[in-house]
Amino acid sequence: MAAITLVHGDITEQRVDAVVNAANSSLLGGGGVDGAIHRKGGPDILAECRQLRASRYGKGLPTGQAVATTAGKLPARWVIHTVGPVWSSEEDRSALLASCYRESLRVAAELGARTVAFPAISTGVYGWPMDDGARIAVRTVQEAGGDFDELRFVLFDPPAYEAFDAALRDS
Ligand code: AR6
């Protein structure tokens, strides 16, 4: 069973095998985590994303799925891009958010990653309430299993850290 850990910090500074990007389906960059990863990781990541758009993902990466590229200049080996759902108060999209974590872990296992760092997917620009996003994240990685040494959640601010800490304590 992998250790599930929490750190307060920046996803682009994590020395792990794979960092997960909270991307959008264009795979061509954006703000938040996505912007930071492309900015610090350099152009090699975007070049691979463009190749993915020209081949397997001509219409973009669907919500809930995940795909890996190089991590460029980041202190990681791979970036695993996944597309979270936009929060909706009318429709329950939790299964798609859970799928992001599960599919990212599936890709990480295929790559042979031992350590994976996740941001709190969908809880920024996409508007998912932090407490609920944290519960889904923790539950899904606990259930997903797989042969990893460490699964790390990287939380940008104290409220996010608190939410994940509470979710882990309640699990
Ligand atoms: N390290 C760790 N966490 C961060 C960082 C960072 N460097 N920067 C922000 N966060 P978001 P989303 C936190 O908006 O909601 C982009 O434009 C942030 O406080 O990055 O899935 C994409 O291109 C929040 O809690 O991702 C998409 O269009 C969490 O990470 C869209 O945003 C996720 O915030 C995806 O939105």
Side-chain angles (χ1 to χ4, degrees), residues 4-43 45-50 52-53 57 59-69 71-76 78-89 91-105 107-108 115-138 140-141 150-168:
I4 296 179
T5 60
L6 307 182
V7 301
H8 183 206
D10 184 332
I11 192 95
T12 64
E13 290 171 6
Q14 306 303 309
R15 291 185 180 280
V16 285
D17 294 329
V19 295
V20 174
N21 182 16
N24 61 62
S25 68
S26 81
L27 291 176
L28 301 179
V33 167
D34 200 9
I37 282 178
H38 282 286
R39 206 160 43 241
K40 288 216 196 157
I45 301 175
L46 189 59
E48 263 192 59
C49 285
R50 288 192 198 284
L52 287 166
R53 287 301 308 277
Y57 296 108
K59 292 182 181 161
L61 181 66
T63 304
Q65 295 191 23
V67 66
T69 65
K73 293 187 284 190
L74 297 179
W78 301 284
V79 172
I80 298 173
H81 307 263
T82 189
V83 183
V86 175
W87 164 258
S88 164
S89 56
E91 188 186 22
D92 182 6
R93 299 176 179 167
S94 309
L96 285 169
L97 184 55
S99 175
C100 288
Y101 290 99
R102 221 173 19 246
E103 287 298 301
S104 295
L105 287 176
V107 170
T115 52
V116 184
F118 292 93
I121 300 165
S122 286
T123 64
V125 174
Y126 283 177
W128 206 284
M130 186 58 79
D131 289 348
D132 195 54
R135 271 193 298 272
I136 292 168
V138 166
T140 307
V141 305
E150 184 187 358
L151 302 176
R152 182 184 305 172
F153 290 108
V154 182
L155 294 324
F156 211 40
D157 55 22
Y161 189 96
E162 283 306 311
F164 274 74
D165 195 36
L168 209 47

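The residues of the chain are indexed from 1 along the displayed sequence. Indexing begins at 1, ligand by ligand and atom by atom, following the structure's order.
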Apply side-chain contact (heavy atoms from CB on, under 4.5 Å) to Leu105 and Phe118, showing your working. CA-CA 10 Å; Leu105 287 176; Phe118 292 93; 3.6 Å; yes
Measure the shortest side-chain to side-chain distance between [X] and [Y] over non-hydrogen atoms and say whether it is less than 4.5 angstrom.
X: Phe156; Y: Ile11; result: no
X: Met130; Y: Pro159; result: no
X: His81; Y: Thr69; result: yes
X: Val19; Y: Thr12; result: no
X: Leu28; Y: Leu46; result: yes
X: Ser122; Y: Arg93; result: no
X: Tyr57; Y: Cys49; result: no

Counting only nitrogen or oxygen atoms and a 3.5 angstrom limit, does [X] reach ligand 1?
X: Gly124; value: yes
X: Val33; value: yes
X: Ile121; value: no
X: Val125; value: yes
X: Asp157; value: no
X: Tyr126; value: yes
X: Ile11; value: yes

Looking at [atom], what's its closest protein heavy atom, distance included?
atom: atom 33 (C) of ligand 1; value: Ala120 O, 3.3 Å
atom: atom 24 (C) of ligand 1; value: Thr123 OG1, 3.3 Å
atom: atom 13 (C) of ligand 1; value: Phe156 CB, 3.9 Å
atom: atom 21 (O) of ligand 1; value: Ser122 N, 2.8 Å
atom: atom 17 (O) of ligand 1; value: Gly31 N, 2.7 Å
atom: atom 26 (O) of ligand 1; value: Ala22 CB, 3.6 Å
atom: atom 7 (N) of ligand 1; value: Asp10 OD1, 3.0 Å

Parallel, tilted or perpendicular, as decided by the 30° and 60° cut-offs, for the rings of His8 and Tyr161: perpendicular
Could you tell me how the ring of Phe164 sits relative to the ring of Phe153: parallel (under 30°), tilted (30 to 60°) or perpendicular (over 60°)? tilted
Check each atom of ligand 1 against the heavy atoms of [X] and keep those under 4.0 Å away; list them by number with element.
X: Gly30; value: 17 (O), 23 (O)
X: Met130; value: 25 (O)
X: Asp34; value: 22 (C), 23 (O)
X: Gly32; value: 8 (N), 20 (O)

Under 4.0 Å and counting heavy atoms only, is there anything from the protein next to atom 2 (C) of ligand 1? yes
With no hydrogens and no angle check, is any side-chain donor or acceptor of Thr63 less than 3.5 Å from a backbone partner on Gly84? no
Sub-3.5 Å donor-acceptor pair from the side chain of Ser104 to the main-chain atoms of Cys100, do we have one? yes
Less than 4.0 Å is my threshold; does some heavy atom of Gly9 fall inside it relative to ligand 1? yes
